[in-house]
Amino acid sequence: MKDYRLKEGLNACINCGTCTAICPAAEFYRYDPRRIVDIVQSKDDEEIEKLLKSDTIWYCGECMSCVTRCPRKNAAGLIIMSLRNLSIELGYFIESEKGRQQYLLTKDLCSNVLDYGYCVYPRRFDYAGHPEAGRVWEWEEKHLDDLFERLGGNLDGKGTGAMRRIPQEDLDQLKAIFDITGATARMENVRKAGEKKAAEWGLTEEEFIAKIYTDSDPKHLNH
Amino acid sequence: MIYEGKQKIWSDYQKEIPDDHYFYVRSCIRQSFFPASEATFLDITRNKLGKDIFETEHHTTCGGIAYHSDTIPQETVMTIIARQFALMAKNGYENYVCSCITSFGLYCETMETWREYPELEAKIRENLWKSCKLEFAKPKFLIHASDLIYKYRNQIAAQAVRKLVNVHTGEPLKVVEHIGCHYSKMFPSKGVGGAEYPYVLVGMVEAWGGEIVDYPERRHCCGFGFRQYFIKGNRGYSLSNTHKKFESMEPFKPDLIITNCPGCPYFLDRWQYVIAESTGKTYGQDGHGIPALTYEEVAGLVMGYDPWDLGLQTHQVGVEPLLDKMGVPYDPSKKYLGKNGKDIGEPLPCACLK
Amino acid sequence: MTPLLYLLAIQAADPEVIDRIPSGYSHFVIPFTVGITFMLCWIGVGCVRLLAAIPKADRIKFWKSLLIPKTIVKNLRDLFGDCLFHVKIWMRKPLLGYMHSAIAFGWFMLIVLGHIEVALFVPARLNVTRGGLFYPIFYRYFVWVNPGHTTLRGSFFFFLMDFFLLYVLSGIALAVFKRFRSIVLGMRHTTKPSLADRIALYSLWLIFPLRLLAESFTADLSGGSFLTVGVNHFWHFLFGDKLWFTPCWWAYSICLGLFFAAMPFSRYMHILTEVLWILLRNAGIQPNHPRKGVAEAEIYACSSCGLCLDACPMNVQKKNLKYSSVYFIRFLRRHNEKKINAIADKCLMCDKCHALCPVGVDAPALRRAQRATVNDTLPYDYSYLPLAVPGSILAGETTATLGTLRGGTGASLGDASGGAERSEAVERPKVLPGTVSNNKVLYFAGCMTHLTPRIIKSVEKVFKEAGVEYEFADRDGGICCGRPLMLAGKAEAASKVIEANKKLIEGSGCGTLVLSCPICYKIFKEEYHLEGIKVVHYTQFINELIASGKLKVEKSEKKIVYHDPCELGRGCGVYFEPRAALDQVGTLVKAAKEYDESVCCGGSLGSLTLDTRDRAKISESSLENLLAGDPETIVTACPLCLKTFSEAVSNSRLPIKNVAVKDFAEVFCR
Amino acid sequence: MKNNILIIGGGPAGLEASAQLQRMGYNVILIEKSPKLGGHLAKWDRLFPDSVQAEEVLGRLLKGAEGVKCFTDTDVRAINRLDKSYNVRLTNGITVLSDAVLVASGFDLFDAVKKEEYGYGIYDQVMTNADLEAYFKSGSDRRIEKPGKIGFAHCVGSRDEKSGCRSCSKVCCATAVKQAIEMKQAFPDAEVFCFYMDLRLFGRHYEDIYLKAQKEYGVRFIRGRVAEVSENYDGTLLVKAEDTVAGKPLKVTLDLLVLMAGMRPSASGKAIGDLLEMSVEEDGYFAVRSGIAAGQRSPIPGIFLAGAATGPKTLPETLADARAAAMEVDRYLTEIFPDAKNYKQLVRERW
Amino acid sequence: MVDFGFGLVPSSRINLDLFDREKYEKLVAMEPDAKICMACGSCTAVCTAGQFTPTSLREAIEDVFNAKDDKALEALKACQLCGKCSMVCPRGINTRHLILSITKVYSKK
C-alpha cells in the first residue's frame with residue numbers, strides 16, 4: 001500500500017483507545033477505529049482484505065477528531081481514507097452496503113465538480129431527496145434565482161460572486177486534472193462496478209440508486 | 001471553569017495573520033446555503049474596514065467534499081489546490097483566505113504533506129503544469145476567513161451599533177461556539193487558540209459583548225461526516241451526533257450558536273428541525289430552537305445590518321426571539337420577500353418547531 | 001415365635017413369677033408413657049406425611065418392594081447390619097463400631113428379651129390395655145420372683161438380661177469417654193450437639209446406669225443374675241435391709257420419658273427413621289427434592305454420628321467443619337435456607353461422606369438437589385448445540401446453511417466492527433462422519449483433558465503402541481459431558497449437552513468409547529445410555545490391553561502410589577483395574593487412605609464456592625496422604641487430579657524429594 | 001584523601017550519595033536550588049507500595065547526610081574545567097574547586113496544563129498526583145469535599161509523543177494505585193476508577209497493592225487512556241475514554257479527576273548540563289557512559305550522574321543508583337584521579 | 001410526527017453513571033472474586049462453549065461493570081460450566097460460581 005496518508009497516519013499504535021473514545025462513528029455505529037489501526041498494523045492480509053470488503057471502513061465521518069488525541073501521532077481518519085481508496089481501487093467496495101454508496105457519491109459529487117466546478121450545487125440539492133433541509137428549503141428551492149438575487153449571490157451569473165457560473169476554460173482544467181490524476185479512471189471503475197452489481201441484482205440504474213440511497217441495515221447500529 | 005487557564009492556552013496558540021491583501025476563495029456549501037454570509041464578509045472587510053480582498057471568477061471548488069467522500073484521489077485534490085494557489089500567485093497575492101473549513105483543513109494538510117514529502121510536491125507541480133499550464137506556487141499565509149474576522153473583531157466592535165447583550169435584562173447573551181472539525185483538530189497550531197479551546201470565535205463573542213458558555217460536547221463534530229449525510233441511509237449518524245450536542249448544551253440555555261464552518265450552521269439548524277418534527281423535542285425557549293448563525297451573520301447583526309439582508313430567513317430555526325433579545329429592529333412582513341419587495345411566497349409552517 | 005413362648009409358659013407347673021403389684025401400674029411409669037406416646041405419635045404422623053409426599057408411582061413401588069423376596073432379604077440384612085450391628089462402622093473403626101452396636105444392639109436385645117420374659121411369665125400383661133406399653137419395660141418392678149420355683153429357663157433369661165445390660169453399659173461408658181477423648185475411638189472431630197441432642201444424650205447416658213440401679217435395688221424381689229444380684233448385695237451391704245427403690249424407678253422412667261420426648265428433635269430419631277429410610281432406599285426411590293419426600297426420611301435417618309466430619313477433605317481446615325454433611329442435614333431439618341445453600345455450594349462432591357456413612361445417607365445427592373432448587377431455573381441457551389439435526393450436522397453441512405441464512409454478510413462484516421461485537425457463530429461442533437466401524441474405538445478426551453495435553457499425548461502413544469485403531473472424538477475440542485452442569489444442579493441443561501454429545505457419539509458408529517476423564521466417565525456411564533457402545537475408562541481399557549498382551553509392559557522397582565480419583569473410585573467403583581495395570585509396571589505402595597477412603601485432591605468441580613486457597617490446603621493434605629508410603633511417583637487417572645497434584649507438589653511446603661506426578665497413561669508409554 | 005566532591009541536587013539521590021561519600025571520608029559539598037532539601041520526596045505524603053511516610057524516609061536520608069556542607073537556595077553559575085578538576089562558581093558567591101561532580105538533578109513533574117484536553121487549570125475538579133499528595137499532607141483542598149466518583153488518569157505526560165514524552169515514567173501506575181486506595185480509605189463510599197493503558201506494576205509488592213485495590217477497595221480499572229475531559233453544568237466532569245477491553249467508547253461523570261503527571265527531565269538540571277556541555281538523549285535525560293555497565297558515569301570524565309537525572313526511577317532505584325554513583329566516584333578518585341601522569345590514558349581505558 | 005426516512009440512533013457509549021451499585025454489591029457478596037478480574041482473557045481463550053458461539057466470562061464481567069447487564073447474560077448464556085476457565089484463571093477466580101452468580105443476580109425473572 002503506497003499511500004501518503006498511510007505513511008503519515010500510521011505509527012506503531014499502542015491501543016490506548018483515545019481515538020475510539022471521542023469518535024462520532026464509534027458511538028453510533030458498530031465501529032472501533034482503534035481496532036482498524038490494529039488490524040492494518042497487524043499486516044494480516046486476510047484480515048485486511050476482509051476489512052476492505054466490509055462495511056466497517058465506511059462508517060468514519062472523516063471529522064479527524066482522532067488526529068488531535070492520538071498520543072502516538074497516528075491518524076485513524078487518514079488510515080481509513082487510504083483503506084477506502086484501496087477498497088475502491090480493488091473493487092471491494094461494491095461488496096458491502098455502505099461501500100456501495102460510493103457509486104452514488106462518485107456519480108453525484110464528481111459530476112457536480114466537473115459540470116459546475118462546485119462540490120455542492122443548489123439546483124441539484126432537491127427537497128424531495130432532502131426532506132431534512134426543511135420547509136425553508138422547500139421554499140428556497142422554488143425561488144433560487146430570486147433568493148440569490150436578494151441575498152447578494154450570483155447564481156449562474158457571470159463574474160465573481162456566490163454560485164457564479166465558472167468559466168468553461170476552468171472547468172476544462174478541472175477535467176484535465178481529473179484525467180491525469182486518476183480521478184476519471186476511478187469514476188469509471190466505480191461506475192462499472194456499480195453497473196455490474198445492478199445487473200447482477202437485475203435492477204435498473206434508477207432502482208439501484210434508489211436502493212443504495214436508502215438501504216440501511218440495522219446491523220450497522222448498536223442494538 | 002477557570003478562565004485564566006484558558007487565557008494561558010490562548011496565549012500559546014496565536015498565529016500570524018496579515019492585516020491586508022488577501023486572495024479570497026469561496027465555500028461550496030456556504031455559497032449554496034448562506035450566500036449572504038460570504039457577501040457580508042466581503043462587505044465588512046472591503047467596505048467597512050477597507051481591506052483588499054481579491055476574488056477571481058476562475059477559482060473553483062477545492063474538491064474537499066468530493067475528496068472526503070472518497071470519490072477522488074488525494075493527488076487530484078492536491079492538484080486542484082495547487083491550481084487555486086497558482087491563481088493566487090498569478091494575481092499577485094501571497095495571502096490566501098478561504099471561506100470553507102474543509103478547504104482550510106485540506107490546504108493545511110496538503111502543505112504539510114508537501115513539506116514532508118517533497119517528491120509528492122514535485123509530482124503535483126508536474127500535474128499542474130500538464131493539466132493547466134500554471135506555475136506552481138504556495139501561499140505565504142494561509143488563513144481561514146474566520147481568522148480574519150477574529151483579527152478585525154475589535155475594529156468591528158468599534159463600528160458596532162449594538163452588543164451581544166439582552167437589551168431587556170442587560171445581561172450578555174449566552175453564546176455557544178461551534179468550530180469546524182477541520183479548523184484545528186488536525187493541526188492545532190494552525191488554529192487561533194489551538195484545538196481544545198479555540199479562541200477564534202470566543203474572541204469575537206467576547207469582543208462583541210457576549211458571554212461564551214462551554215458545554216461538555218463543545219468539541220464534537222456536528223455529524224456532517226460527508227458520506228454520512230449525503231446518503232439518506234446514513235443520516236441517522238449525522239442526526240444523532242447533533243442530537244448529542246444539543247442534549248449536552250441544553251442545561252446551559254444558550255441564546256445563540258456561532259459557527260465558523262460551512263456545514264455546521266446548516267446541520268445545527270436543520271437537525272433541530274428534524275428532532276423537533278420527529279420527536280417533538282425543542283431546545284430553545286417556548287418551543288423555539290436555538291439559532292445557529294455564521295460568524296458573519298453575528299458580525300452583521302452587531303454592525304446593524306438588516307437581518308433579512310444577512311439571510312437569517314434561510315435558517316429553519318426562527319431568529320426572531322434572538323433579534324428581540326438583542327433589540328434588532330426588523331420588519332416581519334419583509335422576511336420572505338425577494339429583491340425590491342418581490343413577493344415570492346413563504347415557507348410552509350413547521351408542525352412543531354416554532 | 002410368640003405362640004411358642006406362650007406354650008412354654010403354659011408348660012410351667014408353678015408360676016416362676018408372680019405379679020407383685022396386682023394392678024400392674026405405678027405412677028412412676030407416667031413420664032415414660034407420656035414420652036414414648038408422644039414420640040410414637042410424632043413418628044406415626046411423620047411417616048404418613050412423608051409417604052404422602054412421595055410421588056404416587058414411588059409409593060406404589062415402595063409397597064411392592066416390601067413383597068419382593070430379594071428386597072426383603074436385603075432389608076433384613078441392612079436393618080440388622082446397619083441399624084443394630086453397625087457393620088459399616090465396625091469395618092472401619094472397630095472400637096467405635098463396638099460402641100454403636102453395644103448401645104443399639106444391646107438395647108434392642110433388652111427390649112426384645114424383656115418382652116419375651118413378659119410373654120413367658122406374665123403373658124397377659126402384653127395386652128396394651130393392661131399396661132402393655134410400659135409393663136415389659138418396667139417388668140422387674142412389677143414382678144416378684146417365686147422363690148423355690150426358679151428354673152433354668154428363668155435363670156437363663158435373668159442372665160441374658162444382665163448380660164445385655166452390661167453390654168449396653170460398656171457402650172455407654174465408651175460413649176461418655178468418646179465425648180471427651182474421641183480420637184481414641186478414631187474420630188478427630190465429633191458433631192457439635194444441639195440442645196435437644198444434649199437432653200437426649202444425657203438422658204441416654206443416664207438411662208442404663210439408672211436401670212442398673214433400679215433393677216439392682218429390686219433384684220432381691222424380682223430376681224436377677226450376676227450383675228443385678230451382685231450389685232443388690234452390694235446395696236444391702238451398704239444400706240442394710242431396707243432398700244427404698246421407688247425413686248430409682250422414677251428416675252429411670254423420667255430419663256426414658258425425657259429421652260423419647262426429646263428424640264424427635266434430636267439426632268436419636270434416626271434410631272427409628274433409619275428403618276424407614278432403609279426400606280425406601282432399598283425400594284430404589286430417589287429423592288428429587290433436598291428435603292421433601294424420600295429426602296425427609298433420609299435426612300431424619302442421619303444419626304449425626306459425625307463420621308462424615310473426618311471423612312470430609314475440606315475439614316483439613318477447622319473453619320470448614322460447618323460445611324460437613326452432618327450439619328447440612330441438621331440445617332435441612334431446620335429449614336435454614338441460607339445456611340443450607342452455603343453448605344450445599346461449598347461441598348466438593350467427592351462422595352466420601354456418602355461412602356462412609358453408616359446409614360448410607362447420600363448427602364452429595366441432597367446437595368445436588370438443593371443446588372437444583374436454585375440453579376436449575378437459571379437461564380441458558382444451548383441452541384448452538386446440534387440437537388435436533390441428525391446426520392448432516394456431523395458433516396458440518398448446517399454450518400454452511402446457517403451462514404447463508406445470515407445473509408452471507410458474516411464474512412464481509414469484518415472484526416473491526418468493535419471488539420465487543422461478538423462475531424457470528426464461530427463453528428459448529430463436529431465429529432467425524434460415520435466412518436468408524438463397530439469394533440473401533442472412539443477416544444473422548446473431554447474439556448479438562450484438553451488442558452492437560454500430556455494425557456492426550458500419552459493415551460495416543462499407548463493406543464499406537466498397542467495397535468488400537470481409534471478415532472479422536474474431540475481433537476479440536478468438543479462439547480462438555482454435562483457432569484459439571486449436573487453437579488451444579490442444572491440437570492435440565494445437562495440433559496441438553498448429553499443429548500448433543502450422544503448424537504455425535506452414536507453417529508460416529510464406534511463400538512467402544514474410551515474416556516480419560518473420570519468426570520466424563522461417570523456421566524457417560526450413568527446417564528448417556530449409549531446403545532451398543534461399551535463405555536470404558538482408559539484405566540480399564542489399558543488394563544485390558546495389558547491383560548490381553550496387546551500392550552507390552554515391563555515391571556520395575558519404582559514405587560508408585562495410586563490416587564483414586566473421586567469420580568472414578570467412589571463414583572464408579574473402579575478401584576481394581578488401575579491398580580492391576582500399575583502393578584505390572586511398578587511396585588505399588590499404599591497411601592494412608594485409599595480406595596473409598598481416598599482423599600479428594602481439592603481440584604474437584606463439585607464445589608461451587610470453595611476458593612483457591614482453601615483448595616490448596618486440601619491438595620496439600622491429599623498429597624500428604626499419598627506420600628505415606630514414600631513413593632517415587634504419584635499416579636492418578638484424572639486430568640483435574642493431575643493438574644492439582646502437579647501444582648501441589650511444586651507449591652507444597654512438605655519436605656518432598658523428587659516425587660513425580662504422572663498421569664496413568666504416561667506410566668505406560670515408553 | 002580529602003577530595004572535594006560537588007553534588008548538585010539535594011533530593012534523595014543527592015542526599016544518599018552525600019551520605020555515602022562523606023562516610024568514605026570525602027569532602028562533600030551539596031547544593032540545592034530550592035530553599036529545602038528533599039526534592040519531590042519532601043512534597044509527598046506516603047510512598048508505595050507499603051505506604052511508608054515520606055517524611056520518615058526523608059528524615060533518615062537527612063540524618064545520614066548530617067555533616068555534609070550544604071547550600072540551599074543555590075544554583076551553579078559557571079563551571080570551568082581545569083586540568084582534571086572543576087572550578088564551580090555558585091550563585092551564592094562561593095567558588096568550589098571540585099575533583100568530581102555528581103549531578104543528581106532529578107526530574108520535573110510533567111506540567112499537566114500541557115495536556116489541554118484534560119483541562120487541568122481550566123476545569124475546577126481536575127487535579128494532579130502532586131496536588132493530591134499535598135492534600136494528603138495538609139488535609140485540605142478546595143477540590144475535595146466529599147467526592148462520590150473519583151478518576152485517576154494514568155500516563156499524563158508519559159507514553160505520549162504529542163506531549164514530547166514517549167517514555168514511561170515508571171512510578172505513576174503504582175502511585176495511582178496507592179492514591180486510589182488512599183482515596184477509598186478517606187472516602188469509603190466513593191467509586192474509584194483508574195484509566196490505564198498498561199498497568200506497569202513490576203516491583204516487589206506492587207502487584208499486591210493492585211490486587212488489594214481491586215479486592216478490598218473495589219477500585220475499577222479501565223483499560224483505555226482518557227481522551228477528553230469536559231465540565232458539566234453542575235461543575236462535575238464528563239470523562240471520555242474507550243474501554244478497550246470491551247471495545248466501546250465510554251463516559252463517566254466524575255467529581256474529581258486526578259492526573260498522574262509523569263516525570264520529565266529537570267529543566268534546571270538541563271541548564272547545568274548545558275554549562276557542562278553534557279549530552280542528553282532524545283528523551284531529554286542525560287546520556288550515560290553505558291546504560292548497563294556504567295549507568296552513573298557521564299561521558300565527561302569526573303562528572304557523575306545519579307537518580308532520575310538519567311531517566312525515570314523509583315525511590316529505591318534512585319537510592320541504589322546514588323550508592324552506586326558514590327562507589328563510582330570513589331573508584332575514580334582512587335584509581336584514576338591520583339595518577340596525574342597517566343591521567344589521560346587511564347581515563348581512556350577506564351572511564 | 002414527520003418520518004424523514006431515518007432517525008436517531010442509540011448510542012453504544014458505555015455510561016458508567018448507569019452502573020447499578022446495589023446489584024453489584026449483591027454480586028460481590030455472593031462471589032467476591034468478581035472484583036479481582038484482570039481481564040486477561042484466559043477464560044475466554046479456553047472456553048468450551050466459545051468454540052461454537054461467542055461466550056466470554058471476561059466480557060461478562062466487563063459488561064457488569066459497564067452497566068450492560070443484558071450483554072453480560074448474553075455472554076454467559078451458552079456456558080456449559082465445564083470449569084476449564086477456573087483451571088486457567090491466573091487470579092484463581094472461582095469462575096463457575098461467578099458465572100452462576102452473575103446469572104442469578106442479573107437475570108430478570
Side-chain angles (χ1 to χ4, degrees), chain C residues 345 371 374-375 377-386 418-429 446-448 450-452 474 476-490 493-494 496-497 500 519 603-605 607-613 615-616 639-640 643-644, chain E residues 12 14 30-33 36 39 41-42 44-56 58-60 62-63 66 68 70-109:
Chain C
D345 286 353
R371 290 177 184 184
V374 184
N375 296 343
T377 50
L378 292 180
Y380 63 90
D381 179 1
Y382 292 165
S383 54
Y384 61 93
L385 291 175
E421 297 315 326
R422 299 175 265 271
S423 53
E424 301 293 314
V426 189
E427 211 177 298
R428 289 246 145 189
C447 306
M448 286 301 170
H450 277 288
L451 282 181
T452 42
D474 55 344
D476 303 317
I479 306 166
C480 178
C481 63
R483 177 79 180 148
L485 281 167
M486 210 70 140
L487 286 169
K490 286 174 74 74
K496 295 272 162 49
V497 293
I519 302 167
S604 163
L605 281 178
S607 174
L608 295 178
T609 51
L610 210 57
D611 68 28
T612 341
R613 278 185 216 174
R615 284 176 187 269
L640 270 175
K643 212 166 155 49
T644 312
Chain E
S12 72
I14 295 162
M30 216 179 265
E31 184 49 73
D33 283 358
I36 59 171
S42 303
T44 313
V46 296
C47 181
T48 295
Q51 305 167 95
F52 310 116
T53 187
T55 305
S56 169
R58 192 216 81 212
E59 277 179 32
E62 199 74 17
D63 291 338
N66 288 342
K68 307 247 172 187
D70 294 349
K71 283 184 77 186
L73 293 174
E74 186 75 14
L76 296 177
K77 67 176 187 187
C79 167
Q80 299 173 8
L81 286 180
C82 74
K84 276 170 96 175
C85 44
S86 68
M87 304 306 292
V88 297
C89 177
R91 275 279 172 89
I93 292 175
N94 191 349
T95 54
R96 295 172 74 237
H97 191 242
L98 182 53
I99 292 167
L100 284 169
S101 305
I102 291 175
T103 318
K104 254 180 243 176
V105 173
Y106 290 94
S107 59
K108 294 179 196 93
K109 279 175 194 155

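Atoms considered below: every heavy atom in the structure, side chains included; atoms not considered: hydrogens, waters and symmetry mates. This one's a predicted model, so the numbers in the text were calculated from it and none came from an experiment. In what follows, chains are A, B, ... by sequence order, proteins preceding strands, each numbered from 1.
Between the CG atom in Asp611(C) and the NE2 atom in His97(E) there is a gap of 11.5 Å [rounded to 0.5 Å]. Rounded to the nearest 0.5 angstrom, Gln80(E) CD and Leu385(C) CG are separated by 5.5 Å. The SG atom of Cys82(E) sits 9.0 Å away from atom CG of Leu485(C), with the distance rounded to the nearest 0.5 Å. In this structure, NE2 in His450(C) is found 8.5 Å from OG1 in Thr48(E), a value given to the nearest 0.5 Å. The CG atom of Leu378(C) lies 6.5 Å from the NZ atom of Lys104(E); values are rounded to the nearest 0.5 Å.
At least one donor-acceptor pair under 3.5 Å links the side chain of Gln51(E) to the backbone N or O of Gly478(C). Remark: the backbone N or O of Ala488(C) is not paired with any side-chain donor or acceptor of Arg96(E) at under 3.5 angstrom.
Comparing Leu610(C), Thr612(C), Leu608(C) by how many heavy-atom pairs each has under 4.5 Å with chain E, the most go to Leu608(C). In terms of heavy-atom pairs under 4.5 Å with chain C, the best-connected choice from Asn94(E), Thr95(E), Leu73(E) is Asn94(E). Among Ser86(E), Ser12(E), Cys79(E), the residue with the largest count of heavy-atom pairs under 4.5 Å with chain C is Cys79(E).
Looking at residues two or more places apart in sequence or on another chain, you find a side-chain hydrogen bond (donor to acceptor under 3.5 Å, both in side chains) between Tyr380(C) and Glu492(C), Lys496(C). With sequence neighbours left out, the side chain to side chain contact (heavy atoms under 4.5 Å, CB included) criterion links Asp70(E) to Lys108(E).
Residues Glu74(E) and Asp381(C) are not in side-chain contact: their nearest non-hydrogen atoms beyond the backbone lie 4.5 Å or more apart. Taking the side chain as every heavy atom from C-beta outward, Pro379(C) and Thr103(E) approach each other to under 4.5 Å.
Of all non-hydrogen atoms in Ala78(E) and Tyr382(C), the two that sit nearest each other are O-CE2, 3.4 Å.
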